[in-house]
Amino acid sequence: MTDAATQSTAGFDLTPPNEAERERLEADLTSEEARVLLQHGTEAPFCGGLLGEKSPGVYGCRLCGLPLFRHQTKFESGTGWPSFYAPFAEDHVRAIKDTSYGMTRIETRCARCDSHQGHVFPDGPPPTRLRYCINSVSLQFVKAGDPLPDPLHRGDPTLD
């Protein structure tokens with residue numbers, strides 16, 4: 001049974017993967033996915049596989065499968081990375097102060113597995129005015145009606 005403190009507001013289990021689960025998940029990553037997700041890298045702009053994705057569905061964490069963004073919140077930012085104005089659930093995306101490269105930014109990470117997703121900026125559209133600028137390789141897209149991946153075998157909720 002999962003402790004209430006590890007449940008998301010959307011009903012997903014946010015308990016971090018244990019060491020064996022993490023090793024299994026990380027073994028399945030490509031070198032580019034590992035560089036971005038685990039080493040906080042950035043993919044080149046305008047080349048990510050999900051930049052032009054417009055189908056209904058959910059964008060989840062490539063490492064652990066936690067839903068991070070809904071297709072309804074995706075917008076064309078012109079920056080070269082998939083952009084969203086709100087997360088799937090507020091507690092699915094963590095914000096971390098990032099002072100790398102002589103800048104102060106807010107890094108976004110998956111709340112369950114702590115993998116690097118991208119950054120959030122205060123220049124997005126209404127209603128939030130936020131722009132979650134996310135690496136395509138950090139995400140996996142699940143078309144509406146398809147089952148969500150459950151690589152941790154948590155039995156997370158299904159989406160309608």
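Please read these numbers as outputs of a predicted model, since none were measured by experiment. Atoms considered below: every heavy atom in the structure, side chains included; atoms not considered: hydrogens, waters and symmetry mates. This chain uses plain numbering: 1 for the first residue, then up along the sequence.
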Give the C-alpha distance, both sets of side-chain angles, the deciding distance and a yes or no for side-chain contact (heavy atoms from CB on, under 4.5 Å) between H116 and L63. CA-CA 10 Å; H116 174 73; L63 189 61; over 6 Å; no

Run the side-chain contact (heavy atoms from CB on, under 4.5 Å) test on F84 and L68 for me, step by step, so that the C-alpha distance in whole Å, both residues' side-chain angles and the decisive distance to 0.1 Å come before the verdict. CA-CA 10 Å; F84 305 86; L68 301 177; over 6 Å; no

Take L14 and H92, measure what side-chain contact (heavy atoms from CB on, under 4.5 Å) needs, and give me the verdict at the end. CA-CA 8 Å; L14 297 181; H92 283 209; 4.3 Å; yes

Output, in order, the C-alpha distance, side-chain angles, deciding distance and verdict of side-chain contact (heavy atoms from CB on, under 4.5 Å) for K74 and K54. CA-CA 8 Å; K74 189 174 187 221; K54 299 197 185 315; 5.6 Å; no

Working for salt bridge (Lys or Arg N to Asp or Glu O under 4.0 Å), residues E19 and R22: CA-CA 5 Å; E19 188 175 328; R22 179 166 288 283; over 6 Å; no

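In this structure, C113 and L25 have side chains that are not in contact, with every pair of non-hydrogen atoms separated by 4.5 Å or more. For the pair S77 and C133, the minimum side-chain heavy-atom distance is 4.5 Å or more.
Judged by distance alone, the side chain of H71 and the main-chain N or O of P56 form no donor-acceptor pair under 3.5 Å. Of the possible donor and acceptor atoms, one in the side chain of R112 sits under 3.5 Å from a partner among the backbone N and O of D13. D150 contributes a side-chain N or O that, together with a main-chain N or O of G155, makes up a donor-acceptor pair within less than 3.5 Å. Between the side chain of R154 and the backbone N or O of T15 there is at least one donor-acceptor pair closer than 3.5 Å. Looking only at distances, a side-chain donor or acceptor of E43 sits under 3.5 Å from a matching main-chain atom of V137. Checked by atom type and distance alone, the side chain of D91 pairs as donor or acceptor with a backbone atom of T9 at under 3.5 Å. In this structure, Q140 contributes its side chain and C61 its backbone to a donor-acceptor pair below 3.5 Å.
Taking 4.0 Å as the cut-off between side-chain N and carboxylate O, E21 and R24 do not count as a salt-bridged pair.
The aromatic rings of F88 and F12 stand perpendicular to each other, their planes meeting at an angle above 60°, with 30° marking the opposite boundary. Taking the six-membered ring where tryptophan is involved, the planes of Y59 and F141 are tilted, since the angle between them lies from 30° to 60°. Ring pair F121/H119 is tilted by interplanar angle, where 30° to 60° counts as tilted.
By the rule that hydrophobic residues join a cluster once side-chain heavy atoms approach within less than 4.5 Å of another member, I134 and L29 end up as members of separate clusters. Put simply, L50 and V58 are part of the same group of oily side chains (I, L, V, M, F, W, Y) that touch within less than 4.5 Å, one to the next. Criterion: ILVMFWY side-chain heavy atoms under 4.5 Å apart, direct or through other members. Under it, I106 and W81 are not part of a common hydrophobic cluster.
To the nearest 0.5 angstrom, S136 atom OG is 11.0 Å from E33 atom CD. The line from CD of E26 to SG of C64 is 11.5 Å long, rounded to the nearest 0.5 Å. Note that the OG1 atom of T104 and the NZ atom of K97 stand 5.5 Å from one another [nearest 0.5 Å].
In this structure, T42 and R35 approach most closely via the heavy-atom pair O-NH2, 2.8 Å. When all heavy atoms of P87 and Y132 are compared, the closest pair comes out as CD-OH, 3.6 Å. Between A111 and L66, the shortest heavy-atom contact is N-CD2, 4.4 Å. Scanning both residues, T79 and F46, for their nearest heavy atoms gives C-CZ, 3.8 Å. Contact record, L130 with F75: O-CE2, 4.2 Å, taken as the closest heavy-atom pair.
Residue Q117 is tested with V36, L37, V93, N135 for a side chain to side chain contact (heavy atoms under 4.5 Å, CB included); the sole match is L37.
When the side-chain hydrogen bond (donor to acceptor under 3.5 Å, both in side chains) test is applied to T128, no partner is found at least two apart in sequence or on another chain.
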